[in-house]
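Working notes, beginning with the structure itself.
Computed over heavy atoms, backbone and side chain alike; hydrogens, waters and symmetry mates excluded. Counting starts at 1 for both ligands and their atoms, in listed order.
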Amino acid sequence: MSDLNSLWQPARAGDLRLPHRLAMAPMTRGRSTADGVPTALNAEYYAQRASNAIVITEGTQPSADGQGYLLTPGIHSAEQVAGWREVTDAVHAADGRVVVQLMHVGRIAHPDNTPHGRQPVAPSAVRPAGTMFTASGPTGMPAPRALSTEEVAATVDDHRRAAANAVAAGADGVEIHGANGYLIHQFLSDNANERTDRYGGSVENRIRFAVEVATAVADEIGAGRTGVRLSPGNPYNDVREDDPHTLYPTLVRALAPLDLAYLHLVHAGDEPLLDTLRSLWPGALVLNRAGADLATRAQDITDGRADIVSVGAMALANPDLVDRIRSGSPLNSADPTTFYSGGATGYTDYPTRTV
Ligand code: PHB
């Protein structure tokens, strides 16, 4: 096997001390309760994967309106916090570190998927193209309702409270999901944000919500426990960015002084933009180069493009991923039919290697 040594060097990401540099990326799994409460099965799944440098959890709604998919966890009620406590205790008992990802989906939502059944909320009342899975199969998403300026401020506060809840539940940190076409990315975009208040129009206005959320969360739980995830140039979930080479450098310059634990980039293939953002970011950079082999990812660390790399499907399918890679053992492949449902099947039953 090629040289993967760069993966196994210790690292720091803000307050997080990491024994190596291979992290588990956040992945929606759809196995919490209808009320968004993490279960014992969820705790088992994450604890099985505790040898990753950071276990970054699936997207977790900071408020009831932040949910859009079936059976995703939340972190805005006492029951949810108690459920997360089981998860963090289990990961810590297995010597791991766990960061809860806060994901407000905005317009990427269907009322049938939530306990409240309300119309989704978003920067503007612009319906996203595409379908999403509901109990009755793939379904178009309705047009969302635009948040008022006051409601945007309240949504910033929802993230602040959710971050406090995550830490109260024992999380080592919080990752703010600003990527992949969800609420924060909708504010950044040129097609989902038609606002005329201070959150829309110019680049400075479109990055305002992202910066306010990051500032509020860092203020609440400490910058050293706060990460931000972005996906420059990724059109996923019907997001259009007309000038990512202006937008993202402006955003990263605004985030840099916050001294956050890390910036987590979903790499959509623009290498010059990645190099620019790396040069603008003074802290730890977590890189998700989806689909790349491990040698390519290790080379990103060697070359200084990343400090930490995150992997999705590999971590999903291999509870003992770090051990398998270090021992040169073959990896299990992931079964996409059980990504979002199936109980223990395709969740906690991926085998560890037999020695
Ligand atoms: C998904 O559930 O499909 C999903 C969630 C979060 C992402 C990307 C995809 O960042």
Side-chain angles (χ1 to χ4, degrees), residues 23-32 34 36 38 42 45-46 54-63 65-75 99-114 120 122 128-135 137-141 144 159 162 174-189 192 210 213 227-241 248 262-269 286-291 309-317 334-342 346-347:
M24 175 173 168
M27 286 172 281
T28 300
R29 303 308 313 271
R31 285 163 167 90
S32 296
N42 301 156
Y45 163 75
Y46 284 117
I54 319 173
V55 170
I56 308 174
T57 73
E58 64 208 280
T60 300
Q61 49 267 10
S63 60
D65 281 330
Q67 181 179 4
Y69 297 107
L70 279 169
L71 303 181
T72 52
I75 190 141
V99 164
V100 172
Q101 194 204 54
L102 299 184
M103 166 164 123
H104 189 309
V105 296
R107 66 181 189 159
I108 303 301
H110 197 288
D112 289 357
N113 288 346
T114 65
T131 59
M132 77 158 29
F133 191 79
T134 70
T139 311
M141 290 167 269
H159 285 79
V174 160
E175 177 177 289
I176 298 161
H177 196 347
N180 299 346
Y182 299 102
L183 183 66
I184 290 173
H185 201 181
Q186 290 159 32
F187 273 90
L188 298 176
S189 81
V213 170
V228 170
R229 191 174 212 222
L230 302 173
S231 57
N234 183 2
Y236 188 70
N237 279 326
D238 192 28
V239 152
R240 199 189 78 229
E241 295 169 333
Y248 284 95
Y262 65 81
L263 174 64
H264 189 174
L265 293 180
V266 180
H267 184 50
V286 184
L287 185 62
N288 186 271
R289 195 184 271 279
V309 296
S310 67
V311 294
M314 270 188 258
L316 181 155
D335 173 8
T337 67
T338 51
F339 278 177
Y340 305 114
S341 63
Y347 191 54

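Near Tyr340, the atoms of ligand 1 lying under 4.0 angstrom from a non-hydrogen atom of the residue are 3 (O). Contact atoms of ligand 1 toward Tyr69: 1 (C), 2 (O), 3 (O) (distance under 4.0 Å to a heavy atom of the residue). Below 4.0 Å from some heavy atom of His177 lie the following atoms of ligand 1, by number and element: 6 (C), 7 (C), 10 (O).
With 3.5 Å as the limit, one finds a donor-acceptor pair spanning the side chains of Tyr45 and Arg29. No donor-acceptor contact under 3.5 angstrom links the side chains of Asn237 and Asn180, judged on distance only. Side-chain contact, Thr134 with Asn113: no donor N or O sits under 3.5 Å from an acceptor N or O. Side chains of Thr72 and Glu58: a donor-acceptor N/O pair is absent below 3.5 angstrom, by distance only. For the 3.5 Å distance criterion, the side chains of Ser63 and Asp65 fail to qualify, holding no donor opposite an acceptor.
Summarising the contacts of atom 7 (C) of ligand 1 with Tyr182, Phe339, Phe133, the nearest heavy atom is found in Tyr182.
The closest donor-acceptor contact from the side chain of Arg240 to the backbone of Ala192 lies at 3.5 Å or more, if one exists at all.
Nearest protein heavy-atom neighbour of atom 2 (O) of ligand 1: Thr28 OG1, 2.8 Å. The closest protein non-hydrogen atom to atom 3 (O) of ligand 1 is Tyr236 OH, 3.3 Å. For atom 8 (C) of ligand 1, the nearest protein heavy atom (residue, atom name, distance) is Asn180 ND2, 3.6 Å.
Residue contacts with ligand 1 include Met103, since one of its heavy atoms falls under 4.0 Å from the ligand.
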